[in-house]
Amino acid sequence: MAISGIKGFNDILPGEVEKWQHIEAVARRVFELYGFAEIRVPILEKTELFARSIGDATDIVEKEMYSFVDKGENQVTMRPEGTASVMRAFIEHKLYAGDPVAKLFYMGPMFRYERPQKGRYRQFHQIGAEVTGVTSPVIDAQVLTMLCHFFAELGLTEPRLEINSLGCPECRQGYRRVLKDFLHAKLELLCEDCKRRYETNPLRSLDCKSAGCKEATAGAPSVLDHIDAACADHFARTRHYLDAAGTAYTINPRMVRGLDYYTRTTFELVTALLGAQSAVAAGGRYDGLISDLGGPQLPGIGFAMGVERVALLLAERDFKKRPDLFIAAMGEPARSLAFRLMCNLQRADVSVETDYEGKSLKSQMRRSDKFNARFTLIIGEEELGKGRAILKEMDAGSQEEVALNAGEIAGKVKR
Ligand code: HAM
């Protein structure tokens, strides 16, 4: 029996992978406009890194990590997200030494043991960006504007930006108490998970999808009414700069993030098109994370998008690359010449496809259609004698006779 892949771990096949390459290329191009440099960090880290940064009482750390003891008895985890690893690397390599402001982006697979469904997988991919060392809300607006710029470049205008502020750890403590008092009389309505989290992480019930939690939290006090003056000022100025940048957003005071490191600004880019998996990208500020991980006292902010979800939003679009030229050749001498021509054209930067089996002209033309080649060169025995061939421009349906000369053909078909 053939061996299948693991549930929640997907292959990305030719035909689909072109869409991914497009998403990655647009991200690189847009992020570089804003001065971000790529960083590549390993997939495996010490488990402690994620427990300390994402938080012991989060779903990710409690239930979803791929953790194991390696052959050297080390407790290790396949990264469930990128921020912790990037900050670990930032601290370890003292990237702050010359300048505390680092603008970094990354792309790659992440691993969470979640229940797979459309838009939710166990191996999924993120493209993320992080900025360190800037306290000013200018950077909050800049990071959000870059994220929206990226989606606009993809032609995706539907995901909506929602923002919130979770305040600093001090105001959060106060808000937790207020929220717990509010929920106390409604504990019975909460789902089992939220009941359990009432003591450790009561804010989670605000964005829980269960009907009881929705009922229990209706009319709950807003975090925005419980943040201190400095955090409120940061939020107001973030909104001011977003307005200045022309970046549209709505405020969602019930947005709670599933990772504990957030402070102040948090945000999500939400879509109505992916069912339950509404967040295409998400992130926020983490002003205490770098020092919690043993680094200097520097603030940070960033986001990550789920590439599978972005690809689903681009579902209808075809990113398959078209070869510049398909060469159809009839008879052995023509095939031999076609092969030489093909090699020379490929070396001259022209993408070329052909039929390797020497089938009938009709079947070779069908193959050219299948590849959706922009041009087809037909070399028949008769044309070969004259050193010429027929070049068809497939979309226009026009054709002309050309010399069997790589330079001349390249000049006609090269993009
Ligand atoms: P997150 O909200 O856990 O944040 O994940 C960010 C995005 O990754 C989500 O909005 C979603 O698009 C995608 N995602 C998460 N889990 C899955 C899954 N199981 N299957 C498919 N896609 C998924 C973080 O990871 C933070 N590190 C973001 C961040 C960066 N905050 C600051 N900097």
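Note that ligands are numbered from 1 as they come in the structure, with each ligand's atoms numbered from 1 the same way. If you read the sequence from its start, that first residue is 1, and numbering goes on from there.
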If you scan protein heavy atoms around atom 20 (N) of ligand 1, the nearest is Tyr121 N, 3.0 Å

At what distance, to the nearest 0.5 angstrom, does CG of Asp287 lie from OG1 of Thr265?
8.5 Å

Nearest heavy atom to atom 4 (O) of ligand 1, choosing from Arg79, Glu81, Arg257, belongs to Arg257

Stacked cation flag Lys103 on Tyr34, 6.0 angstrom / 45 deg
no

We want to know whether Thr217 and Arg254 form a side-chain donor-acceptor pair, criterion being a heavy-atom distance below 3.5 angstrom.
yes

Going by the rule side chain to side chain contact (heavy atoms under 4.5 Å, CB included), which residues pair with Ser363 if we only count those two or more places apart in sequence or in a different chain?
Lys359, Ser360, Arg366

Give me the nearest non-hydrogen protein atom to atom 23 (C) of ligand 1 as residue plus atom name, then the distance to 0.1 Å.
Phe124 CD1, 3.3 Å

Relative to ligand 1, is Glu130 under 4.0 angstrom through side chain, backbone, both or neither, heavy atoms considered?
side chain

Distance under 6.0 Å and angle within 45° of the ring axis: does Arg120 meet both against Phe124?
no

For atom 31 (N) of ligand 1, which of the options Tyr261, Phe303, Tyr262 provides the nearest non-hydrogen atom?
Tyr262

Identity and separation of the nearest protein heavy atom to atom 19 (N) of ligand 1
Glu114 OE2, 2.7 Å

Identify the closest protein heavy atom to atom 24 (C) of ligand 1: which residue and atom is it, and at what distance?
Gln126 NE2, 3.9 Å

How does Val280 reach ligand 1, if at all, at less than 4.0 Å between non-hydrogen atoms: by side chain, backbone, both, or neither?
backbone

Decide if the gap between the ring center of Phe9 and the ring center of Tyr121 is smaller than 6.0 angstrom.
no

If you scan protein heavy atoms around atom 7 (C) of ligand 1, the nearest is Ala304 O, 3.6 Å

So which heavy atom in the protein is nearest atom 11 (C) of ligand 1, and how far is it from that ligand atom?
Arg309 NH1, 3.4 Å

Heavy atom of the protein closest to atom 9 (C) of ligand 1 (residue, atom name, distance):
Ala279 O, 4.0 Å

Identify whether NZ of Lys or CZ of Arg in Arg122 sits under 6.0 Å from the centre of the six-membered ring of Tyr113 and within 45° of that ring's axis.
yes

Atom 13 (C) of ligand 1: closest protein heavy atom, distance to 0.1 Å, is Gly306 CA, 3.6 Å

Is the distance between the ring centroids of Phe36 and Phe105 under 6.0 Å?
no

Where does Ala281 meet ligand 1, judged by heavy-atom distances below 4.0 Å: at the side chain, the backbone, both, or neither?
backbone

Could you tell me which residues satisfy salt bridge (Lys or Arg N to Asp or Glu O under 4.0 Å) with Glu130, sequence neighbours excluded, listed by chain and number?
none

